[in-house]
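I am attaching a structure below and will ask some questions about it afterwards.
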2 protein chains.
Amino acid sequence: MTRPDLAQKRADLKLQIREAAIKEFAEHGLAGTSTQGIADRAGITKNKLHYHIESKEELYQQALDHVLTIWAEMFSGIDLNQGPEIFLADYIARKIRFSLTHPAEVKMFTGEVMRGAPFLREHWAGSRDVTHAAAAQIQKWVADGSIRPVDPMLLQFNIWAMTEAYAVLGPELRFMLDLDEGAALDEDAICAEVTALVVRGLRPDRETARA
Amino acid sequence: MTRPDLAQKRADLKLQIREAAIKEFAEHGLAGTSTQGIADRAGITKNKLHYHIESKEELYQQALDHVLTIWAEMFSGIDLNQGPEIFLADYIARKIRFSLTHPAEVKMFTGEVMRGAPFLREHWAGSRDVTHAAAAQIQKWVADGSIRPVDPMLLQFNIWAMTEAYAVLGPELRFMLDLDEGAALDEDAICAEVTALVVRGLRPDRETARA
DNA sequence: ACATGAACAAACCAATTGGTTTGACTATTC
DNA sequence: GAATAGTCAAACCAATTGGTTTGTTCATGT
């Protein structure tokens, strides 16, 4: 009989709690979520939950941090120094994959933003830098004629909107497509559509020859 | 001294309550919103609120109905029998205008969808028909070569995603643009960007001449 | 003048909230 | 084998929840 390894067991429980918390927070927000609900979802008692966490707010903060962390990991190793087409296709594919594999995480994030991001603002300083760096790169592409002139911030925002919507508005899309609630969406088809829309939407007016 | 007209006063109060409710529900969802919070936001006591509504759920349902109604009104008189470019520009402009002028309404809707749309599903039967009708029209445009081949459902979904995001993710965009919380976004610029992305993203590969 | 019904405030209700205390049990350490 | 630290269930806590009851005020129709 394998020894469950105490530290491992505790880590497992923590993960279990966090997963349950993310799902509850995604559905009901911070205010609407009860610790009882999280405990139920995690399959433990409320007392046990409160023994392992400090407070509901703390758990919310931690869960949010975790979401941002794994979200960021999804983009490690992406290469900005490519042509816009390859980069955008890669970026969009990763964003969509994340939305489809981690819908609760994206929903929790979106809920936070919708409420004015009271717990998120501190984390956003870094994101803003990244976003502005990306904007600069986009400007370069505009300057060298590889894409048409665009507002680089709004372009990024539009891409976020489309890719994240496959998590946030998933129920609506599934309904329109006559799929049932848990049904998987066609990742390849979605990636193809979004990528095509963006890449073609950015083509310069006249295909000026690139060296 | 003008007579406030009793019926008018009551209608005013009802509107006041509904507006407060929409904002609260948008921020905290159904579960997370307290009737006390709605009352506070409306500037009345909780007792007074409960005198004028039947229950929190009922108020939620009514508010949701109202959102769908005024949203639908926003699209009255739109003409599908035009070329794709004109129609899409018009459609996108209306959607974005609604998101910018009614952010709380869009947020409330999005929150509902995010939770799996438990209160919305009945209303969606009609929307699905509209969506499929629009899909048919898009297919026609594809067939006559005025736009490239696309998945008509995913195209619509992507447009919803982008336009509604200007309400839902408004706080994020404002932060990235260094605007403060209440600041107005540039509607014309946004319309131009989104429309350009979509219209150009749908151009056929070779500009086959249209009669 | 008087009855009627709408509008509302004060007080109250059971249930649920996030969270704590107590005390038992269990595995590890010395 | 005793002390210790970790784990957790039962009971409990004050505060808040959605909602009701009670009684009062006030405009209106007769």
Side-chain angles (χ1 to χ4, degrees), chain A residues 1-64 108 111-112 115 118-119, chain B residues 1-64 108 111-112 115 118-119:
Chain A
M1 185 165 58
T2 58
R3 178 171 52 108
D5 190 78
L6 201 66
Q8 181 60 38
K9 219 182 83 180
R10 207 167 58 176
D12 284 352
L13 181 61
K14 209 160 205 170
L15 188 125
Q16 205 177 108
I17 289 173
R18 197 177 51 208
E19 279 183 356
I22 290 175
K23 282 176 191 157
E24 286 290 305
F25 286 136
E27 268 194 26
H28 307 296
L30 172 57
T33 296
S34 71
T35 54
Q36 182 68 65
I38 297 172
D40 289 350
R41 169 105 59 166
I44 61 178
T45 63
K46 194 180 77 161
N47 325 27
K48 188 168 174 178
L49 173 67
H50 274 287
Y51 175 76
H52 287 276
I53 68 173
E54 220 169 74
S55 69
K56 189 172 75 157
E57 267 203 19
E58 242 278 317
L59 178 57
Y60 183 82
Q61 184 73 255
Q62 279 184 16
L64 203 56
M108 185 182 170
E112 242 292 296
R115 267 166 253 130
F119 290 81
Chain B
M1 186 163 60
T2 59
R3 181 172 51 107
D5 191 78
L6 201 66
Q8 182 61 39
K9 220 183 79 177
R10 206 166 60 177
D12 284 351
L13 181 62
K14 208 160 206 171
L15 189 124
Q16 205 177 109
I17 290 174
R18 196 177 52 207
E19 280 183 355
I22 289 175
K23 281 175 193 159
E24 287 290 304
F25 286 136
E27 268 194 26
H28 307 296
L30 172 57
T33 295
S34 70
T35 54
Q36 182 67 66
I38 298 172
D40 288 350
R41 170 104 61 166
I44 61 179
T45 63
K46 195 180 78 162
N47 325 23
K48 189 169 174 179
L49 174 67
H50 274 286
Y51 175 76
H52 287 274
I53 68 172
E54 220 170 75
S55 70
K56 189 173 76 158
E57 267 203 18
E58 242 279 318
L59 179 57
Y60 184 83
Q61 184 74 255
Q62 279 183 16
L64 203 56
M108 184 181 171
E112 241 293 295
R115 268 167 253 130
F119 290 80

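All chains are named by letter (A, B, ...) in the order of the sequence lines, taking the proteins before the strands, and each is independently numbered beginning at 1.
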Presence of salt bridge, B/E27 and A/R115, under 4.0 angstrom: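 Not counted as a salt bridge, because no side-chain N and carboxylate O are separated by less than 4.0 Å.
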Where along residues 16-23 of chain A does a heavy atom fall under 4.0 Å from DNA chain C?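 Within this stretch, nothing sits under 4.0 Å of the strand.
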Nearest-0.5 Å distance, OG of residue B/S34 to NZ of residue B/K56: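 Taking OG in B/S34 and NZ in B/K56, the distance rounds to 7.5 Å.
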Nearest heavy atoms of B/A26 and B/M108, plus distance in Å: CB-N, 3.8 Å
Do B/F25 and B/E112 come close enough that some side-chain heavy atom pair is under 4.5 Å?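 The answer is no, as the side chains (C-beta and beyond) never meet within the 4.5 Å cut-off.
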Given atom CG of B/L30 and atom C1' of D/dT17, what is their separation to the nearest angstrom? 13 Å
If you look at every heavy atom in B/F119 and B/L64, which pair is closest and at what distance?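 Minimum heavy-atom contact is CB-CD2, 3.9 Å.
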With the side chain counted from C-beta on, respond yes when B/I44 and B/I38 share a heavy-atom pair under 4.5 Å apart, and no when they do not.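 Not in contact.
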Grab the N/O contacts between the protein and nucleotides 19-22 of chain D below 3.5 Å, and write none if there aren't any.
{"unit_1": "D/dG19", "atom_1": "OP2", "unit_2": "B/K56", "atom_2": "N", "d": "2.9"}
{"unit_1": "D/dG19", "atom_1": "O6", "unit_2": "B/K46", "atom_2": "NZ", "d": "3.1"}

If you check the B/T45 side chain, which of D/dT17, D/dC8, C/dA9 turns out closest?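 My answer, after comparing the listed nucleotides, is C/dA9.
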Roughly, in whole Å, what's the span from CD in A/E24 to P in C/dG18?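 That distance rounds to 11 Å.
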How close or far is atom C1' of D/dT7 from atom CG of A/L13, stated in whole angstroms?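 Taking CG of A/L13 and C1' of D/dT7, I get 10 Å after rounding.
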Tell me: NE2 of A/H28 to C1' of D/dT17, nearest whole Å? 16 Å
Starting at NZ of A/K48 and ending at C1' of D/dT7, how long is that distance when rounded to a whole Å?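 Rounded to the whole Å, the gap is 8 Å.
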State, to 0.1 Å, how close A/A42 and A/Q16 come at their nearest heavy-atom pair, and which atoms those are. O-OE1, 2.9 Å
For the residue pair A/Q62 / A/E58, report whether a side-chain donor-acceptor contact shorter than 3.5 Å exists.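 Yes, a side-chain donor-acceptor pair sits under 3.5 Å.
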How many whole angstroms separate atom CG of A/D40 from atom P of C/dT16? 12 Å
Could you report the tightest heavy-atom contact between A/L59 and A/A21, atom names first, then the distance? CD2-CB, 3.8 Å
What is the distance, to the nearest angstrom, from the CD atom on B/Q36 to the C1' atom on C/dA9?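 Atom-to-atom, B/Q36 to C/dA9, this comes out as 13 Å.
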